[in-house]
Protein chains: 2
Amino acid sequence: MTKTTLKEIADILDLSISTVSKALKGYPDVSQQTKKRVLELTESLSYTPNTFAQSLRSRTSKTIGVIIPAMVHYFFSNIIDAILREAESRDYMVILMQSNEDAQLEKKQVDLLLKKGVDGILMSLSNKTHNFEHLQKIIDYNIPLVLFDKIAKLVPCSKVTIDDIKASYDAVQFLINKGHQRIAYFRGDLNPQNSIDRFLGYKKALEDNDIAFDPSLVYLCPDADFKDGYTAAEKLINDHGTSIDAVHSITDLTAIGAINYFNKKNIRIPEDIAVLGFSNWFMSSIITPTLSSVEQNAGKMGEESIRILFDEMDSKQKGMTIKHQKIVIDTQLVLRNSC
Amino acid sequence: MTKTTLKEIADILDLSISTVSKALKGYPDVSQQTKKRVLELTESLSYTPNTFAQSLRSRTSKTIGVIIPAMVHYFFSNIIDAILREAESRDYMVILMQSNEDAQLEKKQVDLLLKKGVDGILMSLSNKTHNFEHLQKIIDYNIPLVLFDKIAKLVPCSKVTIDDIKASYDAVQFLINKGHQRIAYFRGDLNPQNSIDRFLGYKKALEDNDIAFDPSLVYLCPDADFKDGYTAAEKLINDHGTSIDAVHSITDLTAIGAINYFNKKNIRIPEDIAVLGFSNWFMSSIITPTLSSVEQNAGKMGEESIRILFDEMDSKQKGMTIKHQKIVIDTQLVLRNSC
DNA sequence: TTGTATGCGTTATCAA
DNA sequence: TTGATAACGCATACAA
């Protein structure tokens with residue numbers, strides 16, 4: 001079984017290819033009767049146009065590319081979920097790639113997407129991406145680009161983020177309001193913007209409350225994973241005993257690692273040490289104790305990102321100038337039993 | 001900036017398009033010097049061929065389609081992870097779709113993939129898929145198809161699964177060896193094959209150990225989620241108090257729901273009730289108590305699935321007859337503190 | 001109202 | 001060793 005083409009239909013109906021094409025496209029200059037004959041036959045043969053030919057001619061692909069750092073990640077899988085739903089509803093396909101936090105690979109994947117002729121690109125950058133030539137290339141090619149979550153501030157394109165500074169600031173302020181003074185911070189990798197911003201939020205909250213910033217209370221969790229959190233908690237206790245009131249962490253997974261260590265050492269949460277995460281993973285609602293966190297609204301971020309992308313793609317098609325948008329998704333503190 | 005074409009290169013070098021094409025393809029009938037000139041220019045212009053034109057001509061797309069029931073799922077995101085890595089290494093792109101457990105949508109997505117001209121399709125069926133015409137359509141179009149995890153036994157194509165019967169059998173046998181006799185089962189939806197098989201494994205293990213099967217110990221968890229597990233545990237205790245020794249569950253998430261309920265009611269795990277899950281989610285290693293489970297090797301399943309798909313695609317290209325494969329991925333009991 | 005001709009970019013056959 | 005030409009399937013400007 002092979003795919004039907006316009007030519008076959010034209011031959012059967014003894015019409016020209018262009019007439020068949022016009023009938024299908026609903027052009028007015030086709031007789032009602034011819035149109036009907038064509039539609040009936042294409043229906044019964046379940047004809048669908050060859051998308052390669054269409055793309056070659058129209059220079060569009062009805063496809064968007066998405067690059068994320070990692071798939072196995074509650075936050076990103078939720079974002080992808082939202083993107084797939086929205087793309088689906090527009091009859092667009094999604095080509096998904098993951099950079100595995102590898103800047104080189106990310107660059108290669110951008111080339112692949114450009115080569116593949118996608119109509120737009122959604123990206124969340126790898127932590128190791130410090131050079132943005134590949135993003136500039138996308139822009140030079142005049143392909144709409146929307147960065148989300150892990151963005152590059154200086155690249156001229158639309159962006160969707162949360163306000164990481166404010167989110168962490170609010171989180172730490174909450175801990176302070178609760179009476180905590182010695183608040184440790186488990187920070188993420190040094191380079192990514194949102195890692196920096198969350199750290200700044202932490203520092204600013206201390207400052208605004210006249211609590212001296214103590215660098216010895218900051219623990220680096222470069223991979224921001226369970227193990228990093230566990231190890232950091234171990235170091236924290238070795239360094240400071242339980243003179244610490246609370247821990248705020250770059251992400252829930254590190255916080256959960258810390259909780260695990262504290263549980264193991266019979267350090268009570270929140271009585272001895274309060275713990276506050278970031279991202280509100282599903283997991284956080286079911287561990288013991290349940291973890292308070294910052295809800296990042298991944299679904300909304302995915303929806304907004306692809307909405308803006310479609311906006312830009314529409315504008316481009318209409319020949320309008322594209323205005324880049326910068327959306328900040330709101331966050332909420334989700335309180336549970338860990339603080 | 002627009003993409004370079006063969007014609008532009010030919011014009012610049014004052015050659016014909018076909019000579020340029022042949023030079024790039026490494027044909028022998030091009031002079032060394034010409035070849036060198038062409039390669040240097042294409043390099044400096046960073047020429048890449050237009051994939052639509054290539055696809056139109058070659059009738060291949062270097063793209064595979066993947067349909068899964070849900071993205072936000074530890075098991076599936078691990079499988080996708082493996083698929084993306086392997087496709088990447090072969091310079092293939094992956095179009096990803098999720099059926100959201102909706103048979104109608106799944107059918108539509110198959111049509112989209114066929115229309116899009118993918119070279120092969122990987123699918124894990126929705127729980128509600130009981131009609132397989134869309135799969136037959138893929139086969140009729142002569143597109144290689146590999147089903148994984150959620151398969152349809154009777155559809156003639158390659159399949160990658162685990163031995164669900166054996167996996168659950170072994171799990172229950174382990175509980176019995178530990179001395180448990182009154183073992184409840186939280187079963188999944190009634191229709192999916194692996195849900196059925198796991199249930200059969202449970203029954204068979206009881207039977208082989210001369211333990212009477214008691215239908216009142218089976219609780220239906222149609223969505224196999226946290227809430228279902230929590231509710232089932234609640235019912236279980238209401239129905240049977242703590243006369244039950246152990247619970248085996250269709251998946252970790254339901255088991256975790258149950259653990260949550262037991263913890264809340266101060267029912268001790270494993271002293272009062274042992275709990276044994278299925279799938280070995282990451283989460284299971286960090287809850288309290290840590291959950292014993294059946295490791296399903298998602299990564300391996302993803303790797304094998306796409307390996308077979310590439311096998312079939314290669315065979316098809318070479319005009320060889322395609323032999324369908326049936327791979328069973330091994331599983332292991334992962335013991336932790338819940339039983 | 002219908003049909004002819006052309007081009008999208010690449011590749012392969014055949015001629016020069 | 002190189003080039004002219006046709007074909008992949010579709011869509012449109014233009015001619016009939």
Side-chain angles (χ1 to χ4, degrees), chain A residues 1-39 41-42 45-63 91 114-119 141-142 317, chain B residues 1-39 41-42 45-63 91 114-119 141-142 317:
Chain A
M1 189 139 139
T2 174
K3 280 193 61 169
T4 321
T5 65
L6 283 187
K7 183 166 184 327
E8 288 167 33
I9 294 170
D11 286 350
I12 295 174
L13 298 177
D14 210 15
L15 288 168
S16 73
I17 293 177
S18 51
T19 303
V20 175
S21 172
K22 282 186 276 191
L24 286 171
K25 288 265 158 187
Y27 275 55
D29 59 348
V30 179
S31 73
Q32 278 307 317
Q33 203 201 337
T34 308
K35 186 178 284 181
K36 194 173 162 222
R37 287 209 304 149
V38 169
L39 290 178
L41 185 60
T42 52
L45 293 179
S46 63
Y47 163 82
T48 56
N50 179 310
T51 57
F52 302 129
Q54 284 185 316
S55 293
L56 180 59
R57 204 169 191 290
S58 68
R59 295 150 178 291
T60 62
S61 62
K62 293 274 260 179
T63 304
D91 270 348
L114 288 176
K115 186 175 151 186
K116 198 71 182 185
V118 294
D119 297 338
Y141 271 78
N142 198 27
Q317 180 129 41
Chain B
M1 186 143 141
T2 173
K3 280 194 60 171
T4 320
T5 65
L6 283 187
K7 183 167 185 327
E8 288 166 35
I9 294 171
D11 286 349
I12 295 174
L13 298 178
D14 210 14
L15 287 169
S16 74
I17 294 177
S18 43
T19 303
V20 175
S21 173
K22 280 186 276 192
L24 286 171
K25 289 267 156 186
Y27 275 55
D29 58 349
V30 180
S31 75
Q32 279 305 317
Q33 204 201 336
T34 307
K35 186 179 283 183
K36 196 175 161 217
R37 288 208 302 149
V38 169
L39 289 178
L41 185 60
T42 51
L45 293 179
S46 63
Y47 162 81
T48 56
N50 179 308
T51 57
F52 301 129
Q54 285 184 317
S55 293
L56 180 58
R57 238 200 151 257
S58 68
R59 296 151 177 291
T60 62
S61 62
K62 292 275 260 178
T63 304
D91 270 349
L114 288 177
K115 184 175 153 186
K116 199 69 183 185
V118 294
D119 296 338
Y141 270 77
N142 199 26
Q317 182 128 43

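None of the values given here were measured: they were computed from a predicted structure. The basis for the numbers below is simple: all heavy atoms, side chains too, and nothing from hydrogens, waters or symmetry mates.
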> Please state how far atom NZ in B/Lys36 lies from atom C1' in D/dT1, giving the value in whole angstrom units.
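The distance from NZ of B/Lys36 to C1' of D/dT1 comes to 18 Å, rounded to the nearest Å.
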
> Report the distance from atom CG of A/Asp14 to atom C1' of C/dT1, rounded to the nearest whole Å.
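Rounded to the whole Å, the gap is 15 Å.
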
> Can you tell me how far P of C/dA12 sits from CZ of B/Arg59, to the nearest Å?
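The answer, rounded to whole Å, is 13 Å.
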
> Return the CG to OG1 distance between A/Leu6 and A/Thr42, rounded to the nearest 0.5 Å.
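With rounding to 0.5 Å, CG (A/Leu6) is 9.5 Å from OG1 (A/Thr42).
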
> Just checking A/Lys62: does its NZ atom have more than 12 heavy atoms from other residues, nucleotides or ligands closer to it than 6.0 angstrom?
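Yes - once you tally the heavy atoms of other residues, nucleotides and ligands closer than 6.0 Å, there are more than 12.
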
> How long is the line joining CG of A/Leu13 and P of C/dT2, in whole Å?
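From A/Leu13 CG to C/dT2 P: 11 Å.
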
> Establish, from distance only, whether the side-chain atoms of B/Lys115 and A/Thr51 form a donor-acceptor pair under 3.5 Å.
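Side-chain D/A pair, B/Lys115 to A/Thr51: absent.
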
> Select one nucleotide: of C/dG3, C/dT10, C/dT1, the one nearest the side-chain heavy atoms of B/Leu6.
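The closest nucleotide is C/dT10.
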
> OP1 or OP2 of C/dT1 versus the side-chain N and O atoms of A/Thr19: is any pair under 4.0 Å?
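False: A/Thr19 side-chain N/O out of range (4.0 Å or more) of C/dT1 OP1/OP2.
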
> Assign A/Ser21 to base, sugar-phosphate, or nothing according to its heavy-atom contacts below 4.0 angstrom with the strands shown.
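Base contact.
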
> Select base, sugar-phosphate, or nothing to describe what A/Ser58 touches, counting heavy atoms under 4.0 Å on all strands.
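Contact class for A/Ser58: none.
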
> Would you indicate which nucleotide in D/dA11, C/dT10, D/dT1 comes nearest to any side-chain atom of A/Gln54?
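From the listed options, D/dA11 comes nearest.
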
> Taking only the side-chain nitrogens and oxygens of B/Lys25, find out if one of them lies under 4.0 Å from OP1 or OP2 of C/dT11.
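Indeed, a polar side-chain atom of B/Lys25 lies that close.
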
> Measuring from the side chain of A/Tyr47 (C-beta onward, heavy atoms only), which nucleotide among C/dT2, D/dC10, C/dT10 has the closest atom?
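The listed nucleotide nearest to A/Tyr47's side chain is D/dC10.
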
> If only side-chain N and O atoms of A/Tyr27 are considered, is one of them under 4.0 Å from the OP1 or OP2 phosphate oxygen of C/dT1?
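Negative; the distance criterion is not met.
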
> Does any donor-acceptor pair link the side chain of A/Ser18 with the base of D/dA11 at a separation under 3.5 Å?
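Side chain to base: no pair present.
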
> To the nearest 0.5 angstrom, please state how far the OG1 atom of B/Thr48 sits from the CG atom of A/Leu114.
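Output value for this atom pair is 8.0 Å.
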
> Measure the distance from NZ on A/Lys22 to C1' on C/dG3 and round it to the nearest whole Å.
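Distance, rounded to whole Å: 7 Å.
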
> Give a yes or no on whether the backbone of B/Gly117 and the side-chain of B/Ser61 come within a donor-acceptor separation of less than 3.5 Å.
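Pair found, side chain donor or acceptor close to backbone of B/Gly117.
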
> Between atom CZ of A/Arg37 and atom CG of A/Leu41, what is the distance when rounded to the nearest 0.5 Å?
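Going from the CZ atom of A/Arg37 to the CG atom of A/Leu41 covers 9.0 Å.
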
> Any base atoms under 4.0 Å from A/Ile17, or only sugar-phosphate, or nothing? Heavy atoms, all strands.
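Result for A/Ile17 = nothing.
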
> Any base atoms under 4.0 Å from A/Ser55, or only sugar-phosphate, or nothing? Heavy atoms, all strands.
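Since no nucleic acid heavy atom lies under 4.0 Å of A/Ser55, the category is nothing.
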
> Return the value, rounded to whole Å, for the distance between atom CZ of B/Arg37 and atom P of D/dT1.
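Rounded to whole Å, this separation is 15 Å.
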
> Taking atom P of D/dA11 as reference, at what distance in whole Å does atom CD1 of A/Ile9 sit?
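Rounded to whole Å, this separation is 11 Å.
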
> On DNA chain D, check which nucleotide each of B/Val30 and A/Leu56 is closest to and give me the residue with the more 5' one.
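It is B/Val30 whose nearest nucleotide is closer to the 5' end.
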
> Between D/dA11, C/dT2, C/dT11, which nucleotide gets closest to the side-chain atoms of A/Thr34?
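Nucleotide nearest to A/Thr34's side chain: C/dT2.
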
> Quick one: B/Asp29 CG to C/dA15 P, roughly how many Å, whole number?
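So the two atoms are 15 Å apart, to the nearest Å.
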
